[in-house]
Number of protein chains: 2
Amino acid sequence: MYQRKTPEDLECGITIAMKVFGAKWKPCLLDAIQRGFRRPSEMHREIKGATPRVLDMQLRELETSGIVEKCQSAGFPLYTEYTLTDLGRTIMPIIDRINEWGLQYKELIAEGSPQSISL
Amino acid sequence: MYQRKTPEDLECGITIAMKVFGAKWKPCLLDAIQRGFRRPSEMHREIKGATPRVLDMQLRELETSGIVEKCQSAGFPLYTEYTLTDLGRTIMPIIDRINEWGLQYKELIAEGSPQSISL
DNA sequence: CTCAATACCGAATAATTTTTCGGTTACCGA
DNA sequence: TCGGTAACCGAAAAATTATTCGGTATTGAG
């Protein structure tokens, strides 16, 4: 298992929050769950650009952090559903605002942004 | 200059927002500016754990994105100040909530979080 | 002229995260 | 038994991001 080498400031709220839901696809996963895509296969289809593998991994981390909960029912075909926990629901207003901010200001940002070279 | 290789979904608000202020030290920098640490040397002292180099780089990116503004006055010693732009101020409520969330739930997260192995 | 302070930048390297690829298991239907 | 769907996992490789190290420039004091 991977061992982190650089220390982290776990007193810093930003650092903690970013660890929990700041990974590349975590906010998208949480948003997808909120919009009703609860099954892994649905999320795989919904979130273009992410490989199923990374979604599985980040979903598992969200579960381990107590943000989402897995409900699996035996049967065919396999049926697994992820839902937000109470803790997970406390994050959603933040994700929503991040999303709104991005949509609201995207034109303003696009020109001149150093990271937008790849457009 | 670095050329991105994996495509990005620039219609997704989350992706856009994360590009603008989601880098490792950007929220900390913005928070520091808000708390009154406006000079690079102050931020270097304030934000432990980050190297001056990365703070300089991320500050420059924030400037290029139009989130902060640089005011430099000739004189001795060199005096540079970064302040939030109007656009930058629209981000602060989000950063504040991220920070609050992290502080509020840190104990809840700590146990069992996959990323907290390095504690 | 040399030194210290402030604000930077470039390039190589290291650290971290994401992707790619190829599995596994369980089950049903033909 | 073979093929197909769903949900996963491990390991290596690639991509991305951050760090380290060693510079530059300006200015004023000694």
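Each chain gets a letter, A, B and so on, in the order the sequences are listed, and its residues count up from 1.
For the pair B/Ser65 (side chain) and B/Val20 (backbone), a donor-acceptor distance under 3.5 Å is absent. In this structure, the side chain of A/Thr90 engages the main chain of A/Leu87 through a donor-acceptor pair within 3.5 Å.
Side-chain contact between B/Lys26 and B/Leu62: present, with at least one pair of heavy atoms (C-beta onward) separated by less than 4.5 Å.
The heavy-atom pair separating A/Met92 from A/Leu84 by the smallest distance is CG-CD1, 3.7 Å. Taking every heavy atom of both residues into account, A/Asp9 and A/Thr15 meet most closely at O-CB, 3.5 Å. Contact between B/Pro27 and A/Ile14 at its shortest, heavy atoms only, is CB-CG2, 3.6 Å.
Considering only side-chain N and O atoms, B/Tyr82 lies under 4.0 angstrom from the phosphate OP1 or OP2 of C/dC8. Dashed line: the shortest gap from a side-chain N or O of B/Thr6 to OP1 or OP2 of C/dT18 is not under 4.0 Å.
One interatomic measurement links the two molecules: NZ of B/Lys5 to P of C/dT20, which rounds to 13 Å at whole-angstrom precision. Atom pair B/Glu81:CD and C/dT6:P shows a separation of 15 Å (rounding to whole Å applied). Rounded to whole Å, the distance from CD on A/Gln3 to P on C/dT17 is 12 Å. Computed from coordinates, the B/Leu59 CG to C/dT6 C1' distance equals 14 Å when rounded to whole Å. Computed from coordinates, the A/Gln58 CD to C/dT17 P distance equals 10 Å when rounded to whole Å. As rounded to whole Å, 12 Å separates atom C1' of C/dT6 from atom NZ of B/Lys70. Separating the CH2 atom of A/Trp25 from the C1' atom of C/dT18 is a distance of 10 Å, rounded to the nearest angstrom.
With respect to the salt-bridge test (charged N to carboxylate O, under 4.0 angstrom), the residues A/Asp56 and A/Arg53 do not qualify. Between B/Glu42 and B/Arg38 there is no salt bridge, since none of the side-chain N atoms of the basic residue sits less than 4.0 Å from a carboxylate O of the acidic one. Here A/Glu81 does not pair with A/Lys70 in a salt bridge; the nearest charged N to carboxylate O distance is not below 4.0 Å.
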Original post:
side chain to side chain contact (heavy atoms under 4.5 Å, CB included) between A/Ile16 and A/Glu8: does it pass, once the steps are laid out?
Top reply: CA-CA 9 Å; A/Ile16 295 165; A/Glu8 284 174 305; over 6 Å; no

**OP:** Would you check, one step at a time, whether the test side-chain hydrogen bond (donor to acceptor under 3.5 Å, both in side chains) holds for B/Thr85 with B/Glu69?
**Re:** CA-CA 6 Å; B/Thr85 60; B/Glu69 219 164 19; over 6 Å; no

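Of the inter-residue distances, the one linking B/Thr83 atom OG1 with B/Ile67 atom CD1 reads 12.0 Å to the nearest 0.5 angstrom.
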**OP:** Let me have DNA chain C in dot-bracket notation, would you? Count Watson-Crick plus G-U wobble pairs, both distances under 3.5 Å, and use [ ] for pairs crossing earlier ones and | for inter-strand partners.
**Re:** ||||||||||||||||||||||||||||||

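Identified under the ring pair (Phe, Tyr, Trp, His ring centres under 6.0 Å) test for residues 14-63 of chain B, with sequence neighbours left out: A/Trp101-B/Phe21.
Within residues 36-54 of chain B, the residues that place at least one heavy atom under 4.0 Å from DNA chain C are, in residue-number order, B/Arg39, B/Pro40, B/Ser41, B/Arg53.
For DNA chain D, the contact window with chain A, defined by any atom under 4.0 Å from a protein heavy atom, covers D/dG4 to D/dA11 in 5' to 3' order.
Of the residues near DNA chain C, A/Met57 and A/Pro7, the one whose nearest nucleotide (by heavy atom distance) lies more toward the 5' end is A/Pro7.
For A/Asp31, the side-chain hydrogen bond (donor to acceptor under 3.5 Å, both in side chains) partners are A/Arg35, not counting sequence neighbours.
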Are any protein N/O atoms closer than 3.5 Å to N/O atoms in nucleotides 25-29 of chain C? If there are, list each pair with its distance.
none

